[in-house]
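Notes follow the structure.
Source: prediction; values computed, not measured. Each chain gets a letter, A, B and so on, in the order the sequences are listed, and its residues count up from 1.
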Protein chains: 2
Amino acid sequence: MYCVDNKHFPCSTSLTMKYIGGKWKSVILIHLTKDKKRYNELRKEIPTITERTLSLQLKELEADGLVCRKVYTSKPPLKVEYGLTSFGQTLIPVLDAISHWGKEASKAHKKIKIEP
Amino acid sequence: MYCVDNKHFPCSTSLTMKYIGGKWKSVILIHLTKDKKRYNELRKEIPTITERTLSLQLKELEADGLVCRKVYTSKPPLKVEYGLTSFGQTLIPVLDAISHWGKEASKAHKKIKIEP
DNA sequence: CCGCATCCCAGGCGATACTG
DNA sequence: CAGTATCGCCTGGGATGCGG
C-alpha cells in the first residue's frame, strides 16, 4: 500500500500510472524530455491531440509537479514554454523504456509467436 | 507514425500505452511477471479491483497477446492460470521501471523541490 | 499566440447479484 | 473456483467557438 497526497494506491505501479497514465500524459512528457517546448510546438508534434485536451493535461502535469510552465512575455502574443521539473526528469528512464518498447513492438509484431 | 493491427498511433509511446495504459493493466501485468497466477490469487493481491474489471482486463490482455490463459480442469472447481506470453515478457523491463519509479516517488515525494 | 468555456458522448469502471 | 449479467455513474476526451 502506497500513499501520496492523501491518496492510496494498492501498489507502486498504480501510483506511477496515476502520473503518466491516461491517453496523453506520457506522450506529452516524452516530447518534453528532449527540450522545452512551446504550446504550439507540442500541438504540431502531437497532431491528433485537441487544444482543450493538451491544455488540460498540461495543467494536470503542472499540478502534479512534473512540468513547469514559464511565461516570457506579458502582452500578446504570449510566449510560454513547458519543460520538465527536476521531479519530472526522474521519469525519463521510464518514458524511454515505454517509447523503446513501442518501437520494438511495432517492428516485431507481425513475426511474434504468441505462446506461453 | 506507428501502426499495429490497422490502428494508428502518433508515436511509439502512445502505442505502448495502448497495451499497458488504463487503470489496471500494468498492475495486473506486474503481478504476473513474478509467477503465473490464478484468478483468485490476482483478486487477493489487487484487493481494490472488482471481479468484473479483472475479468475484462484479463480478456483484453489475452486478446492483445500479452497474457496466456490455461485451464487445468474440465469440471468445477476449475483451475485456471494466467501467465505472460513471450511477447508479454518483453514488457518486463518497462513494468519494472514503472514499479521502481512509483516506489522512489512515494519515498521522495515530501522532500521534493519542484523547480525547473 | 495561448489558451478557456461550453456542450456532448463513449466507454471505463464500480456495485451487486447470479451461474456452471 | 472462475467467472457472467445487469445497471448505472462518472470522467476523459472530442468539437466548436470565444477571449486576452
Side-chain angles (χ1 to χ4, degrees), chain A residues 7-11 13-15 17-29 31-32 36-64 66-83, chain B residues 7-11 13-14 17-29 31-32 35-64 66-83:
Chain A
K7 288 168 188 174
H8 299 266
F9 305 90
C11 70
T13 302
S14 63
L15 200 170
M17 296 311 285
K18 195 69 180 177
Y19 283 93
I20 65 167
K23 188 171 176 181
W24 293 116
K25 280 185 181 165
S26 55
V27 177
I28 295 170
L29 287 170
H31 281 284
L32 297 177
K36 290 172 187 267
K37 293 278 166 64
R38 299 185 58 177
Y39 182 81
N40 267 2
E41 291 184 289
L42 287 170
R43 277 189 50 194
K44 284 171 199 163
E45 295 177 8
I46 315 174
T48 48
I49 197 172
T50 64
E51 294 187 24
R52 171 197 140 92
T53 301
L54 177 56
S55 184
L56 288 178
Q57 300 296 309
L58 282 169
K59 261 193 199 169
E60 286 181 28
L61 292 169
E62 199 189 350
D64 286 338
L66 295 175
V67 158
C68 176
R69 181 177 184 268
K70 267 194 188 168
V71 185
Y72 286 96
T73 54
S74 53
K75 291 287 177 183
L78 291 185
K79 177 177 179 181
V80 182
E81 271 190 350
Y82 294 91
Chain B
K7 289 170 187 173
H8 299 267
F9 304 90
C11 69
T13 303
S14 62
M17 295 312 283
K18 196 69 179 176
Y19 284 91
I20 65 167
K23 189 170 175 182
W24 294 115
K25 280 184 181 166
S26 55
V27 177
I28 294 170
L29 286 170
H31 281 283
L32 296 179
D35 264 315
K36 291 173 186 270
K37 293 279 165 62
R38 300 182 61 172
Y39 182 82
N40 267 1
E41 290 183 289
L42 287 170
R43 278 189 48 193
K44 284 171 199 162
E45 293 177 10
I46 315 175
T48 49
I49 198 172
T50 63
E51 292 184 26
R52 172 198 143 91
T53 300
L54 177 56
S55 183
L56 288 177
Q57 300 296 307
L58 282 169
K59 266 191 195 168
E60 286 182 27
L61 292 169
E62 197 188 354
D64 286 337
L66 295 174
V67 158
C68 176
R69 179 176 184 273
K70 268 194 186 166
V71 186
Y72 288 95
T73 53
S74 54
K75 293 284 177 186
L78 291 185
K79 178 176 179 181
V80 181
E81 269 189 351
Y82 293 92

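Using a 4.0 Å heavy-atom distance criterion, B:R69 is classed as a sugar-phosphate-only contact. Residue B:K25 is classed as having no contact, given no heavy-atom separation below 4.0 Å to the nucleic acid.
In this structure, B:M17 and A:S26 approach most closely via the heavy-atom pair CG-OG, 3.2 Å. Closest non-hydrogen pair, A:E41 versus A:R38, comes out as OE1-N, 2.7 Å. In terms of heavy atoms, A:K25 sits closest to A:K18 at NZ-O, 4.0 Å.
Partners of B:T48 according to the side chain to side chain contact (heavy atoms under 4.5 Å, CB included) rule, which considers only residues two or more places apart in sequence or in another chain, are A:P10, B:W24.
For D:dG3, one of the phosphate oxygens OP1 or OP2 lies less than 4.0 angstrom from a side-chain nitrogen or oxygen of B:Y82.
Remark: P of D:dC1 and CD of B:E81 are 14 Å apart, rounded to the nearest angstrom. For B:L42 and D:dA2, the CG to C1' distance is 12 Å, given to the nearest whole Å. For the pair B:L54 CG and D:dT4 C1', the interatomic distance rounds to 13 Å; values are reported in whole Å. We find that NZ of B:K36 is positioned 14 Å from P of D:dA2, with the value rounded to whole Å.
Of the options B:T53, B:L42, B:V80, a side chain to side chain contact (heavy atoms under 4.5 Å, CB included) to B:L58 is made by B:L42 and by none of the others.
Side chain of B:Y39 to main chain of B:Y82: no donor-acceptor pair is present (N/O by atom type, distance under 3.5 Å, no hydrogens or angles). Formation of a donor-acceptor pair under 3.5 Å by the A:T73 side chain with backbone atoms of A:K79 is found in this model.
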Summarise protein proximity over nucleotides 11-20 of chain D in one line of letters, 5' to 3': B for base, S for sugar-phosphate only, - for none, counting protein heavy atoms closer than 4.0 Å.
--BBB----B
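Along DNA chain C, read 5' to 3', the first and last nucleotides having any atom under 4.0 Å from a heavy atom of chain B are C:dC13 to C:dA15.
Rounded to the nearest 0.5 angstrom, A:E45 CD and A:K37 NZ are separated by 3.5 Å.
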